[in-house]
Amino acid sequence: MQPFTLKYAFPKGIAHAVTPYHFDAARQLNMLPDGRPAISDPDLLLAVGTTTSTAGSATHFDD
């Protein structure tokens with residue numbers, strides 16, 4: 001039996017986020033569609049705050 005409050009404390013599902021970059025396992029970097037590292041786009045960094053990847057660690061940043 002699930003406690004009544006847990007029905008409202010947790011969201012029903014996680015919203016799917018669409019990012020303008022993808023993770024390249026060979027380079028260990030987040031890459032833009034044009035082949036540049038995502039970290040090289042200052043407008044993207046201002047919009048999303050960071051290009052955190054989950055390659056090995058949830059606290060890894062593409063510095």
Side-chain angles (χ1 to χ4, degrees):
M1 180 174 166
Q2 183 179 21
F4 175 79
T5 57
L6 289 182
K7 290 181 183 179
Y8 303 99
F10 297 108
K12 292 286 182 186
I14 297 173
H16 180 69
V18 177
T19 56
Y21 53 87
H22 68 279
F23 180 70
D24 184 335
R27 295 181 185 166
Q28 293 288 303
L29 290 171
N30 289 313
M31 304 298 292
L32 296 170
D34 65 5
R36 295 179 299 136
I39 194 73
S40 68
D41 187 339
D43 293 330
L44 172 67
L45 294 178
L46 287 172
V48 299
T50 183
T51 60
T52 305
S53 81
T54 56
S57 171
T59 59
H60 172 78
F61 293 93
D62 294 340
D63 292 330

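Start at 1 with the first residue, then count along the sequence.
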message: Within the 4.5 Å heavy-atom criterion, are Met31 and Phe23 side-chain neighbours or not?
response: no
Pairwise salt bridge (charged side-chain N to carboxylate O under 4.0 Å, His left out) hits with a residue in residues 23-32, at least two apart: Asp24-Arg27
Which donor-acceptor pairs under 3.5 Å do side chains of residues 36-47 form with protein atoms, sequence neighbours excluded?
{"unit_1": "Arg36", "atom_1": "NE", "unit_2": "Asp34", "atom_2": "OD1", "d": "3.3"}
{"unit_1": "Arg36", "atom_1": "NE", "unit_2": "Asp34", "atom_2": "OD2", "d": "2.8"}
{"unit_1": "Arg36", "atom_1": "NH2", "unit_2": "Asp34", "atom_2": "OD2", "d": "3.4"}
{"unit_1": "Ser40", "atom_1": "OG", "unit_2": "Pro37", "atom_2": "O", "d": "2.6"}
{"unit_1": "Asp41", "atom_1": "OD1", "unit_2": "Asp43", "atom_2": "N", "d": "3.1"}
{"unit_1": "Asp41", "atom_1": "OD1", "unit_2": "Leu44", "atom_2": "N", "d": "3.2"}

query: Looking only at heavy atoms, which two atoms of Pro20 and Pro33 are closest? And how far apart?
result: O-CD, 3.2 Å
